[in-house]
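Working notes, beginning with the structure itself.
In the text below, chain A, chain B and the rest are named by the order of the sequence lines, each starting its count at 1.
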Amino acid sequence: MNIFYNIKNLIRESIEPLIGKYNINFKEVENFTVEIPKNKNYGDLSSNIAIIFSKVSKTNPLLIAEEIKIQICKKLNLLNSVDIVKPGFLNFKFKNKFWHTFLHNLKESFSTSFDIKKKKILLEFVSANPTGPLHVGHCRGAIFGDTLANLLSFIGNNVSREYYINDYGNQITYFVKSVYYRILELEKKKKFPNDPDLYPSNYIIDIAKNIIKKNIIKNFDNFNDVFENLKILSIDETMNMIKNDLSQIGIKHDKFISESNLVKKNIIDKAIDILSKKNLIYDGVLPKPKGNEVDDWEPRKQLLFKSTNFGDDIDRALKKSDNSWTYFANDLAYHLDKIERKYDLLINVLGADHAGYLKRQIACTHALSNNRQEIISKVCQLVKLYKNGEPLKMSKRAGDFVTLKNLIDEVGSDVVRFMMVYRTNDSELDFDFDLVKSQSKDNPVYYVQYAYARISSILRKVKKIQALKIEDLDELDNDIEINIIKKISEWPRCLELSANHYEPHRITFYLYELSSLFHTYWNLGNESNELKILNSNNDYNSRVFLISKIEMVLKQGFGILNIKALDKM
RNA sequence: GCACUCGUAGCUCAGUGGAUAGAGUACAAGUUUCCUAAACUUGGUGUCAGAAGUUCGAAUCUUCUCGAGUGCACCA
């Protein structure tokens, strides 16, 4: 049930005779819009069809509008009026009956409401290094990605959530070494070395203790001897920690892909081979980067991928100076792996600090797939924390960064999830602890949950929601009631736009607006008993029916956001 | 220097190429013996950073300028 499609279809049918008359191709006019005008004086829905049509047919838009109007009025008797306004808009105003009919026909499932091509989608997100717990920076991308996945699958796509474990390379070596030295410290009282490359934080000590407790490695005398085993154990520890943190905010990945495994399987060779055959691999020297001081820079011949052929700024190195593969080379392999698993669409969610990496990912995916693989990258900008009006400084080196776990423990999963998608991903986000902990309208999370709780409290008093006829809904004739129905009719539209633009924040805004309408509705009861949703008259069934539909939409929205629908607060 | 993102009301931000650009907050005044006041009502705000262009029509698209954030061989 999507009124926008209904009206669009109606217009399509209505212009059919005109297409013949003016001898134009339907394709030239099919991208007309049907939308809700900003200004209420312009009716409930508005279309620019006549303007588009007149442009193609080179005729007067107002006259075309008149002709279309005649056709439309033949077909829809629930119209109150169709106005034609300069420069050629058709503005529709519907009778209340139209809205009652919509509400009455509204079903739990909106599955028929989305005119999309269903896709098999691979969504990679989080993919934080397994060298420590998740912090606030990861959290936004994690929730953005998860909400997006929920949204895309809600409207009918098949979505896999994937986490790429960067369990390979220097960082991992330093991490394992850090665990190693903590174990020596615990077991043999050897002092932890003062090396800036090592990870000093306390969680390393916890990992060390756990590994000692497992007693799998008996002898820690030589680092190189225990490295492989210790690495597996250490990464296992952090990944469990990360998975646990993620589960606290309701995130569960379908698949974890290990970088080490990709390396073992020699997929890089295969990827390099493909690119070589396309002449996209060469030995060359990259220019010195400008703007930030690189002390130890020297011109160096390296194996390069010609990513500039695919829109990147410079070509990218595939081998390090020690002749081992770069991180990007492994990522190349990972993307080949993704391509071979045959998805219609790949989505990568990146943090702002990795945005510079985006072009080369897209470049290599296009290169490896002959431009056939569709890939989209979404970048989440930084989160800034505020407490007592002051920005919270975070420095990872000192180990005092705010972890995701800190955040959840302090404000709860619902608040974190909601607030992280209460902004477009493209903008920086201020996360204010004081605001988010307040139990008032300032706090949008409570505002929407409170609306749901109020509805629940009414529905608890109703023993059985009776099946209503459309005529029974005639009682819904207040402005606010009609406005609520209109808002509900926008729900599938909201979901579709959110999904098409990969912008889940539209959902939080919508839920806020719907909740606001409901709170207004509820408060009418303060004016008089007559206006209460439940009252002594027996006309309350239609009102209960209405709020049960609000409840349905809120519940669906909460489901996509994965926040709790609270019956009581 | 280059790339990406942002710049809209005092503040925090929405805004599918559409018409007179919207919310919240702050500020002020009111609403509760009554379905949960964690709520509601009523009040006015704009050089959509600036300039040019495309268009019947631009906050939205293009180019340039200014300002803010992020990143910039080999790390991950």
Side-chain angles (χ1 to χ4, degrees), chain A residues 33 35-39 41-42 46 48 51 54-55 61 85-89 91 127-129 131 166 168-172 174 259 285-292 294 296-300 302 304 312-314 316-317 319-322 324 326-328 330-331 351-359 379 381-382 384 422-430 432 435 438-444 446-447 449-451 453-462 493 497 500-501 505-506 509 512-513 515-516 518-529 532-535 540 547 568-569:
Chain A
T33 59
E35 54 193 42
I36 299 163
K38 281 187 231 167
N39 189 328
N41 296 331
Y42 291 132
S46 171
N48 64 353
I51 299 171
S54 71
K55 204 169 182 179
V85 181
K86 48 86 202 185
F89 290 107
N91 296 335
S127 300
N129 291 347
T131 54
N166 303 131
Y168 185 86
N170 293 335
Q171 297 282 348
I172 288 296
Y174 289 126
E259 184 180 359
V285 180
L286 290 173
K288 183 177 179 180
K290 291 172 183 168
N292 66 343
V294 188
D296 57 346
W297 189 88
E298 56 186 55
R300 189 173 282 147
Q302 285 173 302
L304 300 175
D312 203 354
D313 310 310
I314 51 169
R316 301 296 175 176
K319 282 203 167 177
K320 301 181 203 170
S321 46
D322 66 359
S324 66
T326 61
Y327 174 80
F328 174 58
N330 291 341
D331 206 32
D353 51 343
H354 290 83
Y357 198 73
L358 182 156
K359 283 187 182 177
V379 175
Q381 294 297 323
L382 298 183
K384 287 191 281 184
Y422 197 50
R423 284 280 173 276
T424 70
N425 57 290
D426 285 330
S427 292
E428 289 184 7
L429 185 151
D430 293 343
D432 187 333
L435 181 103
S438 75
Q439 300 194 338
S440 75
K441 202 187 162 186
D442 299 345
N443 184 346
Y446 281 93
Y447 189 76
Q449 286 182 320
Y450 187 40
R454 277 181 152 177
I455 292 172
S456 298
S457 90
I458 293 176
L459 295 182
R460 269 196 298 275
K461 302 190 184 210
V462 180
R493 175 82 156 182
L497 283 172
N500 288 344
H501 294 264
H505 74 277
R506 292 165 186 267
F509 278 91
Y512 188 92
E513 287 162 10
S515 300
S516 177
F518 170 75
H519 285 307
T520 300
Y521 191 35
W522 171 287
N523 274 276
L524 289 181
N526 289 336
E527 290 176 25
S528 75
N529 280 334
K532 285 195 170 182
I533 294 164
L534 289 179
N535 61 27
Y540 62 75
I547 66 162
K568 287 180 185 171
M569 284 175 76

Test for a donor-acceptor pair under 3.5 Å between the base of rA19(B) and the side chain of N91(A), counting only N and O atoms. yes
Exercise. For the residue pair Y422(A) and Y512(A), categorise the inter-ring angle as parallel (less than 30°), tilted (30 to 60°) or perpendicular (more than 60°).
Key: tilted
Under a 3.5 Å limit on both distances, the Watson-Crick or wobble mate of rU12(B) is rA23(B)
Check: Quick one: is K288(A) getting a side-chain N or O under 4.0 Å of the rC74(B) phosphate, OP1 or OP2?
Finding: no
Are S516(A) and rA23(B) close enough that a side-chain N or O sits under 4.0 Å from OP1 or OP2?
-> no
Quick check, are the ring centers of Y357(A) and Y327(A) under 6.0 angstrom apart?
yes
- Just to confirm, is there a sub-4.0 Å distance from OP1 or OP2 of rA19(B) to any side-chain nitrogen or oxygen of K38(A)? yes
Taking a pair to mean Watson-Crick or G-U wobble geometry with both distances below 3.5 Å, rA28(B) pairs with rU42(B)
Under 4.0 Å from OP1 or OP2 of rU16(B): is there any side-chain N or O of T33(A) that close? no
Check the geometry between W522(A) and rA39(B) and answer yes if their rings are stacked (centres below 5.5 Å, planes below 30°), otherwise no. no
Under the criterion of centre distance below 5.5 Å and interplanar angle below 30°, is F89(A) classified as stacked on the base of rA19(B)?
yes
Is the distance from OP1 or OP2 of rA37(B) to the nearest side-chain N or O of R454(A) less than 4.0 Å? yes
